[in-house]
Amino acid sequence: MTDTPSLPEGYEISTDRSRVDAERVHRWLSTDAYWALGRLREKQDRAIEGSLNFGVYDTVSGEQVAYARVVTDRATFAWLCDVYVDPSVRGKGVGTALVAAVREEVRSYGVRRVLLATHDAHGVYERIGFAPLARPEHWMALLFDQ
């Protein structure tokens, strides 16, 4: 978990919310991410506004190629969500470097726990230090009908 993967040449990570291509992020998530299919643009915009946002950008074109957001109090808890890498750059290490950057940022706040949920990307997150919950029976969820 001490290794911090670096981005491939030609990409940069930013937490500047003003750089987030909200239209692109909404398209990615609402049409191609199993957890957010059909999410309304207004809801996505509110999520961006209320979260710590990470974007990966092509350093030449400025085009956003990946996104992650963190819901956090910046003191005790963080939830990593909406991690998405454009298909055109998958397999280059962009996603792993993005999640590592998130890890380092929230670590700097003194956050004790970062949670996430994934259906199919366990390997990506395990490389960064995530592990299954040691005592999942201690956790509960409140779900509302959508």
Over all heavy atoms of both residues, which pair between Val56 and Val94 is shortest? Give the atoms and the distance, please. CG1-CG1, 3.9 Å
Heavy atoms only: give me the nearest Ala68-Leu98 pair and the separation to one decimal. CB-CD2, 3.9 Å
Report yes or no: does Arg127 contribute a side-chain atom to a donor-acceptor pair with the main-chain N or O of Thr96 at less than 3.5 Å? no
Give the minimum heavy-atom separation between Leu40 and His26, together with the two atoms involved. C-NE2, 3.5 Å
Does the side chain of Thr118 reach to within under 4.5 Å of the side chain of Phe130, using non-hydrogen atoms? no
Applying salt bridge (charged side-chain N to carboxylate O under 4.0 Å, His left out) to Arg46 and Glu49, what does each step give before you reach the verdict? CA-CA 5 Å; Arg46 284 197 326 263; Glu49 182 65 30; over 6 Å; no
Looking only at heavy atoms, which two atoms of Ile13 and Ala101 are closest? And how far apart? CD1-CB, 3.6 Å
Cluster overlap Val71 with Leu116, hydrophobic side-chain contacts below 4.5 Å: no
How close do Val85 and Arg90 get, heavy atom to heavy atom, and via which atoms? O-NE, 2.7 Å
Find the distance between CZ (Arg69) and CG (Asn53) and round it off to the nearest 0.5 Å. 7.5 Å
Nearest atoms (heavy-atom pairs only) where Ser30 meets Arg39: CB-O, 3.5 Å
By side chain to side chain donor-acceptor pair (under 3.5 Å) - contacts of Arg19 (at least two apart): Glu12
If we check side chain to side chain contact (heavy atoms under 4.5 Å, CB included) with Phe77, which of these qualifies: Val114, Leu115, Thr72? Leu115
Members sharing Trp35's hydrophobic cluster (side chains within less than 4.5 Å): Val20, Val25, Trp28, Leu29, Tyr34, Ile48, Tyr57, Tyr67, Tyr84
Is there a side-chain contact between Leu133 and His138, using heavy atoms and a 4.5 Å cut-off? no
From the list Arg112, Glu105, Arg107, side-chain hydrogen bond (donor to acceptor under 3.5 Å, both in side chains) with Tyr109 holds only for Glu105
In Å and rounded to the nearest 0.5 Å, what is the NZ to CG distance from Lys92 to Leu7? 11.5 Å
Establish whether Trp79 and Val99 are linked, either directly or via other cluster members, by ILVMFWY side-chain heavy-atom contacts under 4.5 Å. no
